[in-house]
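Report on one structure; see the data block that follows.
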Amino acid sequence: KLAMKKIIFSIILLIVLSFYFPVSTEAARPPDFGLKEGDLISAIFSDDPDVYIINEYGYKRLFLNPEIFKFYDHLGGFFNVKLVTPEVRDAFITSSYFRDCESNNPKVYGVQVTNEDDGVLRWVNVPGNTAVQEDPDFFSKVFCINSKEFSWYPKGQPFNSVREIPRYSRAASPAIPAVP
């Protein structure tokens with residue numbers, strides 16, 4: 001009887017804790033596919049020629065166009081892009097959060113894609129704790145960019161909520177706001 005009460009109490013406790021400490025929703029990790037953080041990927045047998053870099057948390061960032069990709073010679077260029085299936089590419093969630101780590105700028109920016117090869121960086125004007133409340137994986141999605149790429153982008157009006165940052169999708173309109 002006491003054991004049953006402990007089991008019921010444990011189940012209730014787990015349910016309550018899950019509301020206060022939500023589990024991250026990302027499912028993919030690079031090792032799941034024989035990849036590692038920093039690998040460049042592109043989908044083979046796809047109409048999407050885009051190149052992405054992945055991080056250890058299961059997110060990828062898009063090199064919006066070939067000009068930006070050239071800003072990262074140390075990555076080895078197209079020779080080092082690993083061809084993966086569209087399913088592997090899509091297992092990694094595309095992030096739109098950037099920070100100029102080369103200049104040690106602590107501000108996080110969201111990229112708003114304006115057409116196939118162009119976009120605007122907009123400062124995410126929210127405190128870190130608010131960003132995490134709106135998106136628990138916020139800081140796992142922030143990708144470092146260099147100062148050359150940061151300068152390449154025009155700057156737009158700040159986002160006043162993480163929820164305003166559009167998710168990248170080749171097929172969808174870039175004006176559709178994200179829902180974390």
Side-chain angles (χ1 to χ4, degrees), residues 24-26 28 30 35 37-43 46-78 80-81 89-180:
S24 175
T25 57
E26 104 280 327
L35 301 169
E37 175 166 350
D39 277 347
L40 304 169
I41 63 170
S42 186
S46 166
D47 64 349
D48 177 5
D50 291 335
V51 174
Y52 303 85
I53 190 167
I54 57 174
N55 73 13
E56 66 181 310
Y57 304 109
Y59 297 98
K60 67 183 184 287
R61 69 140 298 194
L62 168 69
F63 290 97
L64 190 55
N65 69 37
E67 188 65 29
I68 291 173
F69 191 63
K70 292 177 191 175
F71 298 157
Y72 297 92
D73 289 339
H74 68 283
L75 296 177
F78 290 103
N80 282 342
V81 175
R89 176 205 55 210
D90 296 343
F92 298 99
I93 300 165
T94 305
S95 173
S96 299
Y97 306 159
F98 297 159
R99 186 173 84 80
D100 180 359
C101 296
E102 188 175 55
S103 69
N104 206 23
N105 183 347
K107 289 183 176 181
V108 175
Y109 289 78
V111 66
Q112 181 174 10
V113 177
T114 54
N115 68 46
E116 181 68 20
D117 288 335
D118 294 306
V120 174
L121 281 184
R122 297 172 58 185
W123 175 41
V124 182
N125 184 18
V126 298
N129 61 341
T130 302
V132 171
Q133 286 174 351
E134 293 182 11
D135 180 353
D137 295 324
F138 181 80
F139 288 106
S140 297
K141 295 177 181 178
V142 176
F143 279 81
C144 285
I145 61 174
N146 64 26
S147 296
K148 195 167 188 176
E149 180 177 359
F150 182 80
S151 297
W152 181 88
Y153 282 102
K155 308 305 180 284
Q157 292 298 313
F159 290 115
N160 294 310
S161 168
V162 173
R163 291 182 180 99
E164 294 176 8
I165 303 169
R167 288 188 185 185
Y168 174 75
S169 171
R170 260 184 126 235
S173 166
I176 297 173
V179 179

For this session: Count the heavy atoms of every other residue, nucleotide or ligand shown that sit under 6.0 Å from NZ of Lys155, and state whether that count exceeds 12.
Result: yes

For residues 62-71, run the donor-acceptor check on the side chains, cut-off 3.5 Å, and write out each pair with its distance to 0.1 Å, sequence neighbours left out.
residue: Asn65; atom: OD1; partner: Glu67; partner atom: N; Å: 2.9
residue: Asn65; atom: OD1; partner: Ile68; partner atom: N; Å: 3.0
residue: Asn65; atom: ND2; partner: Asp117; partner atom: O; Å: 2.8

Looking at [X] and [Y], would you say the former's side chain and the latter's main chain have a donor-acceptor pair under 3.5 Å?
{"X": "Gln112", "Y": "Val120", "answer": "no"}
{"X": "Asn55", "Y": "Gly58", "answer": "yes"}
{"X": "Lys60", "Y": "Arg89", "answer": "yes"}
{"X": "Arg61", "Y": "Ser96", "answer": "no"}
{"X": "Ser151", "Y": "Ser147", "answer": "yes"}
{"X": "Glu149", "Y": "Ile145", "answer": "no"}

Can you check whether [X] reaches [Y] side chain to side chain, under 4.5 Å on heavy atoms?
{"X": "Phe138", "Y": "Ser95", "value": "no"}
{"X": "Leu40", "Y": "Leu75", "value": "yes"}
{"X": "Ile53", "Y": "Tyr72", "value": "no"}
{"X": "Glu134", "Y": "Ser161", "value": "yes"}

Exercise. Between the side chains of Tyr59 and Asp137, is a donor N or O closer than 3.5 angstrom to an acceptor N or O?
Worked result: yes

For this session: Kindly write out the residues that satisfy side chain to side chain donor-acceptor pair (under 3.5 Å) with Ser140, not counting sequence neighbours, or none if the list is empty.
Result: none

Problem set entry | Listed partners of Asp118 passing side chain to side chain donor-acceptor pair (under 3.5 Å), at least two apart | Asn115

For this session: Identify the two heavy atoms, one from Val108 and one from Trp123, that lie closest to each other, and give their separation to 0.1 Å.
Result: O-CD1, 3.3 Å

Problem set entry | Over all atoms of both residues, closest heavy-atom pair of Gly110 and Ile165 | CA-CG2, 4.1 Å

Seminar exercise, completed: Of Tyr153, Phe98, Phe150, the one forming a ring-ring contact (aromatic ring centres under 6.0 Å, His included) with Tyr109 is Phe150

Problem set entry | Within the 6.0 Å centroid threshold, strictly below: Tyr97 and Phe143 | no

